Amino acid sequence: IGCKLVDYSFISKMNNLRQLYIYSGDNIYDLNFIENLVCLRQICICNSHVESIQPIANLIKNKKIKFLIIYFHILG
């Protein structure tokens, strides 16, 4: 996703999503929308304001295969 969205919750319905790249995450403050994406293998979120990575920990706990490549660029 290369544009700023107001709401990213629609992603939570993409149950078979394996890769997620968000290059303009200026409006992202929480990652709750990824917690149930158990097929996710790669996540890249750039230019975000993420306040907690707990949803990533929850995601890894829910995954059958405990493998996830993560890249974040968090703005100050």
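This chain uses plain numbering: 1 for the first residue, then up along the sequence. These numbers come from a predicted model, not from an experiment.
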| said: Between Ile28 and Tyr8, is the side-chain contact (heavy atoms from CB on, under 4.5 Å) condition met? List the steps. | reply: CA-CA 8 Å; Ile28 298 177; Tyr8 290 83; 3.5 Å; yes
Euclidean distance, [Y] [atom2] relative to [X] [atom1], rounded to 0.5 Å:
| X | Y | atom1 | atom2 | answer |
| --- | --- | --- | --- | --- |
| Ser12 | Ile34 | OG | CD1 | 11.0 Å |
| Leu37 | Leu17 | CG | CG | 6.0 Å |
| Ser48 | Tyr29 | OG | OH | 9.5 Å |
| Cys44 | Gln19 | SG | CD | 10.5 Å |
| Phe33 | Met14 | CZ | CE | 10.5 Å |
| Gln54 | Asn32 | CD | CG | 10.0 Å |

| said: Using the rule given for side-chain contact (heavy atoms from CB on, under 4.5 Å), can you reason through Leu31 versus Ile45, listing the C-alpha separation, both sets of side-chain angles and the distance that settles it, and then say yes or no? | reply: CA-CA 10 Å; Leu31 296 171; Ile45 299 181; 3.3 Å; yes
| task | For atom CD1 of Ile60, decide whether the heavy atoms of other residues, nucleotides or ligands shown that lie under 6.0 angstrom number more than 12. | result |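 Yes, CD1 of Ile60 has more than 12 neighbouring heavy atoms, counting only those of other groups under 6.0 Å.
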Compare every heavy atom of [Y] with every heavy atom of [X], then report the nearest pair and how far apart it is.
| X | Y | answer |
| --- | --- | --- |
| Phe10 | Ile1 | CZ-CD1, 4.2 Å |
| Asp26 | Lys4 | OD2-CE, 2.9 Å |
| Ser24 | Gly2 | OG-O, 3.6 Å |

| When you look at Asn27 and Leu5, which way does the side-chain contact (heavy atoms from CB on, under 4.5 Å) test go after all the steps? | CA-CA 7 Å; Asn27 296 331; Leu5 300 177; 5.8 Å; no
| request: Consider only side-chain heavy atoms of I, L, V, M, F, W and Y, link residues closer than 4.5 Å, and tell whether Tyr21 and Leu40 are in one cluster. | output: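 Different clusters: Tyr21 never reaches Leu40 through Ile, Leu, Val, Met, Phe, Trp or Tyr contacts under 4.5 Å.
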| query | Will you find, in the side chains of Ser9 and Asp7, an N or O donor that is under 3.5 Å from an N or O acceptor? | reply |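 Side-chain D/A pair, Ser9 to Asp7: present.
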| said: Quick check against the 3.5 Å criterion: does Lys63 have a side-chain atom that pairs as donor or acceptor with the backbone of Leu68? | reply: no
| Ile22 vs Ile11, side-chain contact (heavy atoms from CB on, under 4.5 Å): CA-CA, chis, key distance, verdict | CA-CA 11 Å; Ile22 299 175; Ile11 295 172; 4.2 Å; yes
